Amino acid sequence: MTGRPLLVALRPLGLGDLLTGVPALRSLRASFPEHRLVLAAPSALAPLALLTGAVDDIVDTHPLRPLDPRLGRPELAVNLHGKGPASHRVLLAACPQRLLAFANADVPKSNGMPDWREAEHEVERWCRLLTESGIPADPRNLDLEPPAERAPSQARGATIVHPGAASAARRWPPDRYASVARAELQRGRRVVVTGGPTEVEAATEVAARAGLAESVVLAGRTGLLELAAVVAEAGRIVCGDTGVAHLATAFQTPSVVLFGPTAPSTWGPPPSRAWHKCLWKGTTGDPHGESPDPGLLGIEVEDVLDALAGLDAVEEAA
């Protein structure tokens with residue numbers, strides 16, 4: 001990677017993490033137009049990362065693992081992963097001319113850098129890191145243009161039910177998702193069920209309980225860009241606190257998002273957008289827990305149906 005000065009942004013996390021980092025990445029792009037901006041993240045995210053228009057390339061990277069040698073000696077290295085010290089050291093091992101990160105007492109080179117705020121919203125956090133480092137950043141810059149790929153015809157305008165999440169703590173029970181799906185069918189809406197390759201079983205269970213045909217189960221049948229197209233072309237989506245919720249934000253698709261161990265104030269869609277409804281019972285817990293969070297289980301089917309009715313009101317007022 002020669003010619004242009006190199007800027008490495010470290011964010012080797014998941015889909016939701018990528019999307020909440022988009023405003024910060026776009027700010028870096030705008031402030032360093034002459035640099036080659038490379039995102040150090042899992043290669044599976046490359047199609048969507050490139051869709052943001054913020055990065056020139058993505059180099060496969062995993063949490064707290066050494067960077068690819070091609071990313072050595074960047075002019076600027078930006079830690080969008082965490083507060084350190086381990087992630088700071090990953091970047092410092094690449095010998096950057098300049099490090100931009102949150103201050104950590106165990107990493108002297110971060111002295112004087114912005115302080116970490118534990119309860120800060122994920123989007124605001126990384127934008128503040130930049131603004132307090134002299135780089136303008138707008139946390140509202142979340143939207144994406146839909147991908148060139150089209151969604152399957154049955155998904156266009158449909159209600160998307162997405163029962164999966166990375167951890168059991170954030171997975172609402174399949175029987176409740178099925179009840180929501182049945183209610184949407186009874187209201188004359190088409191329903192499809194999405195999920196990743198590891199979520200086919202849950203999606204199939206939801207569909208079976210709801211009386212849906214197997215053909216509307218898209219779980220395990222879509223790549224990342226096709227899933228993005230499904231969300232972009234959907235009428236609305238019901239899901240937990242997971243990456244698909246952030247796709248709904250990015251494409252301005254109306255959504256009902258169920259929170260449990262994590263508060264919407266730290267990971268939810270912008271509260272100014274009335275077409276996103278967050279449900280949360282006010283408690284927090286371990287977002288990586290091995291069983292559904294009690295607060296998440298406190299959300300009833302009727303709560304979700306009421307929120308969907310609220311989306312109807314928003315659409316009628318638009």
Side-chain angles (χ1 to χ4, degrees), residues 14-16 155 158-187 189-222 227 230-231 234-249 253-269 276-311:
L15 174 59
T159 295
I160 306 300
V161 173
H162 186 93
S167 66
R170 291 181 280 137
R171 295 181 202 138
W172 205 47
D175 63 309
R176 301 192 195 183
Y177 276 114
S179 295
V180 171
R182 282 196 304 272
E184 286 291 273
L185 288 172
Q186 290 166 3
R187 297 180 65 236
R189 294 186 179 274
R190 287 179 291 110
V191 177
V192 299
V193 188
T194 56
T198 64
E199 297 165 344
V200 174
E201 183 177 352
T204 302
E205 179 183 351
V206 169
R209 286 176 176 268
L212 294 166
E214 289 185 11
S215 61
V216 303
V217 179
L218 301 183
R221 295 166 48 195
T222 58
L227 176 61
V230 166
V231 175
R236 52 183 58 189
I237 182 166
V238 180
C239 63
D241 173 23
T242 189
V244 167
H246 298 285
L247 282 175
T249 297
T253 301
S255 63
V256 175
V257 186
L258 286 62
F259 286 83
T262 306
S265 60
T266 56
W267 280 93
H276 299 302
K277 303 294 184 182
C278 295
L279 299 179
W280 183 54
K281 293 299 182 179
T283 62
T284 57
D286 178 7
H288 308 292
E290 297 181 358
S291 60
D293 180 79
L296 181 63
L297 293 178
I299 299 172
E300 302 292 346
V301 170
E302 286 301 321
D303 295 326
V304 177
L305 298 183
D306 287 346
L308 287 168
L311 291 182

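The structure presented is a predicted model; accordingly, all values stated were derived computationally and were not measured. Throughout, numbering of the chain's residues begins at 1 and tracks the sequence.
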Just jot down the side-chain hydrogen bond (donor to acceptor under 3.5 Å, both in side chains) partners of [X], sequence neighbours excluded, or say none.
X	value
Thr159	Glu184
Ser179	Arg182
Arg176	none

Any ring-ring contact (aromatic ring centres under 6.0 Å, His included) involving residues 160-182? Give me the pairs, sequence neighbours left out, ordered by first then second residue.
->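 Non-adjacent pairs meeting ring-ring contact (aromatic ring centres under 6.0 Å, His included): Trp172-Tyr177.
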Which pairs pass ring-ring contact (aromatic ring centres under 6.0 Å, His included) with one or both residues in residues 197-222, sequence neighbours excluded?
->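 Checked against ring-ring contact (aromatic ring centres under 6.0 Å, His included) - neighbours excluded - no pair reaches residues 197-222.
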Which heavy atom of [X] sits nearest to which heavy atom of [Y], and what is that distance?
X	Y	value
Val257	Gly240	CG1-O, 3.5 Å
Leu305	Val180	CD2-CA, 4.3 Å
Ala219	Thr194	CB-C, 3.9 Å
Arg170	Ala165	O-CB, 3.6 Å

Kindly compute the distance separating CD1 (Ile237) from CG (Leu311), expressed to the nearest 0.5 Å.
->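 Output value for this atom pair is 11.5 Å.
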Residues in salt bridge (charged side-chain N to carboxylate O under 4.0 Å, His left out) contact with Asp175, at least two apart in sequence or another chain |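 Not a single residue meets the salt bridge (charged side-chain N to carboxylate O under 4.0 Å, His left out) criterion with Asp175.
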Just list the side-chain donor-acceptor pairs under 3.5 Å for residues 289-298, sequence neighbours left out, or say none.
unit_1, atom_1, unit_2, atom_2, d
Asp293, OD2, Gly295, N, 2.8
Asp293, OD2, Leu296, N, 3.4

For residues 205-214, which side-chain donor-acceptor pairs fall under 3.5 Å, sequence neighbours excluded?
unit_1, atom_1, unit_2, atom_2, d
Glu205, OE2, Arg209, NE, 3.0
Glu205, OE2, Arg209, NH2, 3.4

Pairs meeting criterion side chain to side chain donor-acceptor pair (under 3.5 Å) with involvement of residues 254-269, two or more places apart =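 Pairs touching residues 254-269 that pass the test: Ser255-His276.
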Taking C-beta and beyond as the side chain, do Ile160 and Val231 meet within less than 4.5 Å on heavy atoms?
->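 No. Closest side-chain heavy atoms not under 4.5 Å.
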Just by modelled atom types, is the Leu258 backbone N or O under 3.5 Å from a matching donor or acceptor in the Trp280 side chain?
->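 Looks like no, no N/O pair under 3.5 Å.
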Please, which pairs that meet salt bridge (charged side-chain N to carboxylate O under 4.0 Å, His left out) have at least one residue in residues 276-285, sequence neighbours excluded?
->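 For residues 276-285: Lys281-Asp303.
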